[in-house]
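Proteins come first, then strands; the chains are lettered A, B, ... in the order of their sequence lines, and each starts at number 1.
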Amino acid sequence: MDPPLINENSFSAANPSSYSLTEIWPFPPSSSTALGLRMANLTDRGGSLDESNVTEPSGGNGNGNRKGIDLSSEEDDSSKTVSTTTSAHDLNDLNGKRRKISGSRNENSESRVEIEASSAAKNKPAEPSCKPSEPPMQDYIHVRARRGQATDSHSLAERARRDKISERMKMLQDLVPGCNKVIGKALALDEIINYIQSLHCQVEFLSMKLEAVNSRMSMSPAIESLHPKDPFDATGMIFGPQPTRDYVQGPQSEWLHMQVGGSFKRAM
Amino acid sequence: MASNQTNCDVSSQQEPNQLRKKRRKSTQTTESHLQNDGTGEAKNQPTVRWRTNTARRIYSSKLLEALRRSRRTTSPRGEKTREVRETADRVLAVAARGKTRWSRAILAKRARLLRVKKVKKPKVGCDRMLQESEKRKKLPAVERKVKVLSRLVPGCRKVSFLNLLEEASDYIAALEMQVKVMTTLSEILAVAGGGAGVGGGSSS
């Protein structure tokens, strides 16, 4: 407890660029186990604080640190036994410090505080390093997959596309009469094609009929003066100025007039 | 000539347009109140777009004008009579206001015909097509039907399946409206022709 406090104060006062612990720590490095452990603690503290000092001012070194941390985590097994004895010699070496940190991590008994501190210090560089594939995750839309369905981006896109297609097919099926009973894309498309062809035929037939009517109308000169402002008004104009009508045509035209006038509403 | 016709449309329809515009405005406001969900998506649906009374009115009046003009200009005709059909299709494309692919294709077809006369060049890939048919390469059933559908809808040959379905739905709605208007119009004009022919001498 006390030594860490002292060390923190001393370190905060010290130049952050100096990495050598021997300059700061007045006591000579000893290889005794008790002191060695303490040394390990202190060096760990030093290493962790140094690392925090290193990482904060220089963002460029972040990658290097990340790599170092990865290496250190990999080297955990190898450097277990080496950490305590070589702690003194590796003080000046960054790699050494990382190895010490890894060593401290392995020494769970005493270095819990250090681990916490080191993990707290390393939170910034460590998090992205531990999950190298995850920073871009924040830009993605998080979708919860349905049961039994993949969350792959490709399959998601495929699913969206299929949904769009089915939605449009449903719209088409509503338009085409008789398509509701059919199940399946191929048969529905068959119905749609038939319907479009029948509509084309109807348009052809009606255009021929209109042409016949046109030619008949162009022949008789009385029609040319007829300028109906509106096809709905046309019926009024046609039937208005003709009080005397042929008996045969009278009831017929009345019926047609009523039918035509109401056909639009009915046809809706 | 397409541009000329649109100009003539504007000039000759000024008087009747006033009457029509009033009615158009009133119906449009009521329809927009009914259909406006806040998203504006309801108006864009093909069923809504082509089934409103305004759309029918616009189409029928424009068709009448076009027919009257074509009657005045070209009476002697020796070639195949497809003029009324093409006029009707063109007016339908105009009524679509250029939002859909098939409408633009119909209008472009006419413009292209007028600029350059149709010269049928032999297709270079024809031999390849023959070879393919000899090999009997059977595409999946859905794809074959998609090809047929793309040929039916004008201007949609190289369009993706998704867009093809959308274009087809709009095209079907437009064709339905076209059929209804032409039926009614032919009936009116037939009656008008018959009535005026009989009572023409007495009234005027």
When [options] are compared by non-hydrogen pairs under 4.5 Å with chain A, the top option:
options	result
B/Val142, B/Leu162, B/Leu175	B/Leu162
B/Glu176, B/Arg144, B/Glu143, B/Glu86	B/Glu176
B/Val179, B/Val153, B/Asp89	B/Val179

Query raised in the report: Within a strict 4.5 Å, meaning less than it, do heavy atoms of the B/Asn163 and A/Arg168 side chains meet?
Result: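 Side chain of B/Asn163 against side chain of A/Arg168, heavy atoms only: contact under 4.5 Å found.
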
Report task. Answer whether the closest heavy-atom distance between the side chains of B/Met182 and A/Leu210 falls below 4.5 Å. Result ->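 B/Met182 reaches A/Leu210 side chain to side chain.
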
Query raised in the report: Which pairs count as ring pair (Phe, Tyr, Trp, His ring centres under 6.0 Å) when at least one residue sits in residues 152-173 of chain A, sequence neighbours excluded?
Result: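 Every pair satisfying ring pair (Phe, Tyr, Trp, His ring centres under 6.0 Å) with a residue in residues 152-173 of chain A: there are none.
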
Query raised in the report: Which atoms of B/Glu166 come close to chain A, meaning under 4.5 Å heavy atom to heavy atom: side chain ones, backbone ones, both, or neither?
Result: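 Backbone plus side chain of B/Glu166, per the 4.5 Å heavy-atom cut-off to chain A.
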
Query - Under 4.5 Å from a heavy atom of chain A, the part of B/Ala190 involved - result: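 B/Ala190 touches chain A through backbone and side-chain heavy atoms alike.
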
Do any side-chain atoms of residues 179-193 of chain A form donor-acceptor pairs under 3.5 angstrom with protein atoms, and if so which ones, sequence neighbours left out?
| from | atom 1 | to | atom 2 | distance (Å) |
| --- | --- | --- | --- | --- |
| A/Asp190 | OD2 | B/Lys145 | NZ | 3.3 |

Requested in this report: Write out, in numerical order, the residues from residues 169-177 of chain A with a heavy atom short of 4.5 Å from a heavy atom in chain B.
Outcome: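 So the qualifying residues are A/Met169, A/Met171, A/Leu172, A/Leu175, A/Val176.
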
Requested in this report: Give me the contact list for residues 195-205 of chain A versus chain B, heavy atoms only, anything under 4.5 Å, ordered by residue number.
Outcome: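 Within residues 195-205 of chain A, the residues under 4.5 Å from chain B are A/Tyr195, A/Ile196, A/Gln197, A/Leu199, A/His200, A/Gln202, A/Val203, A/Glu204.
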
Query raised in the report: Would one find more than 12 heavy atoms of other residues, nucleotides or ligands at under 6.0 Å from atom CZ of B/Arg101?
Result: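 Not buried by this count: 12 neighbours or fewer within 6.0 Å.
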
